[in-house]
Novice: 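Sharing a structure below in structure tokens format, with a few things to ask.
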Amino acid sequence: MNKDKPLKLILIYSILLLFVAWSLYPILRVITISIRPGDNLLNESLAIIPSDWNFDNYIKLFTEHQFLRWAGNSIFVTIVVVITGVVLASTSGYALSRFKFPGREASLLSLLVTQMFPATMLLLPLFIMLSKLHLVNTYLGLIIIYSSTALPFCVWQMKGYYDTIPYSLEEAARIDGASRFEAFYKIILPLASPALVITALFSFMAAWTEYIVAAQILWYDELFTLPVGLKTFQANMNTEWGLYAAGAIIVSIPAVTLFLFLTRYLIGGLTLGSVKG
Amino acid sequence: MANVELKKINKYFGETHILHDIDLVINDGEFVVLVGPSGCGKSTTLRIVAGLEDASSGDLMIQGNRMNEVEPKDRDIAMVFQNYALYPHMDVYENMAFGLRLRKFDDAEIATRVDEAAELLGITDLLKRKPKELSGGQRQRVAVGRAIVRKPSVFLFDEPLSNLDAKLRVQMRTEIKKLHARLKTTMIYVTHDQVEAMTMGDRIVVMKDGDIMQAETPLNMYHKPANKFVAGFIGSPSMNFFNLSAVEKGNEKLDGSSMSLHVPSDLSARVQKEGLVEIGVRPEHFKVSQTETPFVAELEVSELMGNESYLYLNSKGYQFVIRIQESIILTPGSPVYLDFDMDKVHLFSGKTGARI
């Protein structure tokens with residue numbers, strides 16, 4: 001039973017609607033630009049769907065540009081970064097949560113310290129390192145940087161989540177007949193799925209939307225990832241806004257879909273009922 | 001079934017010495033209860049038997065084999081945890097089947113064993129539920145079920161009933177006892193509740209500060225506690241203690257601020273030797289008398305249970321409790337004349353606390 005007064009409800013919903021409009025309007029504008037003929041960024045019409053709308057920009061993306069190739073590059077890099085992130089963060093987070101070893105506190109702290117530097121500040125040293133390792137213009141170089149920037153946060157949040165899972169669960173598994181590793185992947189890992197989802201999403205975002213590092217490391221058209229590729233539509237004299245907008249919409253679809261799909265795993269309280277709390 | 005033997009087990013956590021030279025033999029099929037206040041080392045002892053902690057020194061033997069370096073899964077033991085430790089992402093059936101699957105039992109055998117255990121514990125209709133859909137008592141049954149399906153040689157229980165309400169605790173106590181009678185498997189049970197210890201154990205091991213104070217059958221421990229600690233720990237309400245010093249050598253008379261009493265001649269020599277002694281009298285061994293000898297006390301609070309009464313008394317600064325069968329209605333501050341049977345009195349050294 002909702003006991004709130006109608007006036008209060010109206011106010012709450014008005015504010016919510018305002019924020020929805022606030023968030024959706026820019027996206028709708030981008031959609032409008034993407035289906036508007038020509039490269040008109042600004043237009044007097046406020047119509048979301050212009051009268052002369054068409055999908056030319058979308059078709060051009062795939063037929064006249066290397067968009068598909070860039071998408072393939074981005075998907076490859078992102079998948080590798082997500083897998084690396086999930087595998088490394090889930091195992092190292094477990095070690096940092098469960099084992100006591102010399103240097104444990106120091107390594108946790110040093111992971112945290114890396115988060116204090118803005119990515120742009122690290123750009124030059126990272127570039128120098130990659131260049132000495134002959135990893136410029138390779139996906140491996142990009143993957144190493146993406147993984148290493150995403151990992152500290154992922155490790156910390158995995159560790160934090162493992163800390164909330166009672167020790168007795170894996171102790172019970174070990175007495176039941178599981179080895180330490182079996183107890184980890186059969187009991188602890190399934191229970192940590194909300195944290196794994198966050199790790200996966202974070203790694204995904206770190207790789208899928210990153211521009212600055214990719215723009216420095218990848219020099220050739222055919223190596224570009226989607227964000228770098230999109231930027232090629234922007235030139236000094238003329239920007240192909242229609243293509244730009246269409247590309248932006250396509251780039252955002254996987255991210256939005258993934259969020260919608262994974263949110264159902266982001267449920268807390270999965271450990272509810274296992275132990276007396 | 002198997003016997004368990006702890007030989008000179010020591011345990012350090014960093015610099016802290018938790019267990020001191022623990023020697024204990026638990027016989028095949030025996031139900032042994034480790035009991036003591038928190039921090040006494042009882043759970044650590046159990047976890048060393050389980051393999052969840054390593055002993056710093058000493059030997060742990062199960063069925064004659066040294067187990068110190070053996071993984072928990074290879075010790076042929078099962079454990080019931082205080083917080084149940086059920087796997088939350090599995091239903092009851094899978095929780096119980098988990099250990100069997102790891103041991104590569106075939107599905108038919110698993111089904112037979114789980115059904116058998118579920119029937120024994122009355123949880124057959126819960127098999128498809130997740131732990132979060134169960135009440136505390138049901139979860140506890142599942143935890144016991146998960147232990148028994150494997151038919152291990154030794155069962156370990158780590159305060160399994162302490163999260164249950166009083167009524168359920170009494171019920172589960174009986175059920176675990178019945179289970180032991182039926183399975184006849186060696187069981188080691190840890191609790192801080194002396195009532196659980198007294199009612200369940202074939203033998204009780206009282207621990208304090210990492211030492212075994214006494215290992216005895218419940219009745220022997222109750223009637224002949226090895227020292228003042230055990231005497232005070234076993235029995236509810238606790239035993240009352242009074243300081244007395246031997247006076248008038250040869251006169252066999254003990255004197256204290258609250259009372260004077262004569263000890264039987266066979267004890268007098270030992271009492272004289274100690275000089276300072278403490279007498280322990282259980283609450284039920286006091287009698288309300290008509291005369292002032294040996295002493296009088298003032299009533300502070302009385303608790304009337306119907307079938308018996310607890311009187312909380314004060315005699316010259318000594319606070320103590322007595323249990324009497326009749327319901328005497330007295331107002332606080334009234335004098336109560338007390339007597340007790342010298343045969344039922346326990347004498348402890350004033351210096352070491354050991355039984356005289």
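To find a chain, count down the sequence lines: A is the first, B the second, and so on, and within it residues start at 1.
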Novice: Under 4.5 Å between any side-chain heavy atoms of B:Leu52 and A:Tyr167, yes or no?
Specialist: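 Not in contact.
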
Novice: Once rounded to the nearest 0.5 Å, what's the spacing between atom CG of B:Leu86 and atom CG of A:Leu169?
Specialist: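 Interatomic distance, B:Leu86 CG to A:Leu169 CG, rounded to 0.5 Å: 8.5 Å.
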
Novice: Report yes if the side chains of A:Lys186 and B:Leu102 come closer than 4.5 Å at any heavy-atom pair, otherwise no.
Specialist: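 Counting from C-beta outward, A:Lys186 and B:Leu102 do come under 4.5 Å.
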
Novice: Would you mind checking which part of B:Arg47 comes under 4.5 Å of any heavy atom in chain A, side chain (CB onward), backbone (N, CA, C, O), both or neither?
Specialist: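 Contact with chain A: side chain only.
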
Novice: Which heavy-atom pair separates A:Ile175 from B:Ala50 by the least distance, and what is that distance?
Specialist: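 Looks like CD1-CB, 4.0 Å.
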
Novice: Give a yes or no on this: more than 12 heavy atoms of other residues, nucleotides or ligands lie within 6.0 Å of atom CG of A:Leu7.
Specialist: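 Counting other residues, nucleotides and ligands, CG of A:Leu7 stays at 12 neighbours or fewer.
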
Novice: Provide the closest heavy-atom pair for B:Phe81 versus A:Ser168 in the form atom of the first, atom of the second, distance.
Specialist: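 For B:Phe81 and A:Ser168, the tightest heavy-atom pair comes out as CD2-CB, 3.9 Å.
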
Novice: Looking at B:His89 and A:Ile188, would you say the former's side chain and the latter's main chain have a donor-acceptor pair under 3.5 Å?
Specialist: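 No, the answer is negative, given that no donor and acceptor are paired below the 3.5 Å cut-off.
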
Novice: With salt bridge (charged side-chain N to carboxylate O under 4.0 Å, His left out) as the test, pick out the partner of A:Asp176 among B:Arg150, B:Arg103, B:Lys73.
Specialist: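 That would be B:Arg150; it is the only one of B:Arg150, B:Arg103, B:Lys73 passing the salt bridge (charged side-chain N to carboxylate O under 4.0 Å, His left out) with A:Asp176.
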
Novice: Give a yes or no on this: more than 12 heavy atoms of other residues, nucleotides or ligands lie within 6.0 Å of atom NZ of B:Lys128.
Specialist: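 Yes, because the 6.0 Å sphere around NZ of B:Lys128 holds more than 12 heavy atoms from other groups.
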
Novice: Going by atom type alone, with no hydrogens or angles, which donor-acceptor pairs under 3.5 Å involve a side-chain atom of residues 105-113 of chain B and a protein atom two or more places apart or on another chain?
Specialist:
unit_1	atom_1	unit_2	atom_2	d
B:Asp106	OD1	B:Ala108	N	3.2
B:Asp106	OD1	B:Glu109	N	2.9
B:Asp107	OD1	B:Arg101	NH1	3.4
B:Glu109	OE2	B:Arg113	NE	2.9
B:Thr112	OG1	B:Ala108	O	2.6
B:Arg113	NH1	B:Val149	O	2.9

Novice: Would you find more than 12 non-hydrogen atoms of other residues, nucleotides or ligands less than 6.0 Å from A:Phe99 atom CZ?
Specialist: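 Counting neighbours around CZ of A:Phe99, more than 12 heavy atoms of other residues, nucleotides or ligands fall under 6.0 Å, so yes.
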
Novice: Has B:Tyr87 got a side-chain atom pairing as donor or acceptor with A:Glu170's backbone, closer than 3.5 angstrom?
Specialist: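 No; judged by distance alone, with no hydrogens or angles, the pair does not exist.
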
Novice: For the residue pair B:Glu71 and A:Arg174, what are the closest heavy atoms and their distance?
Specialist: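 Closest pair (atom of B:Glu71, atom of A:Arg174, distance): OE1-NH2, 4.1 Å.
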
Novice: Do other residues, nucleotides or ligands put more than 12 heavy atoms under 6.0 Å from B:Glu119 CD?
Specialist: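 No - once you tally the heavy atoms of other residues, nucleotides and ligands closer than 6.0 Å, there are 12 at most.
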
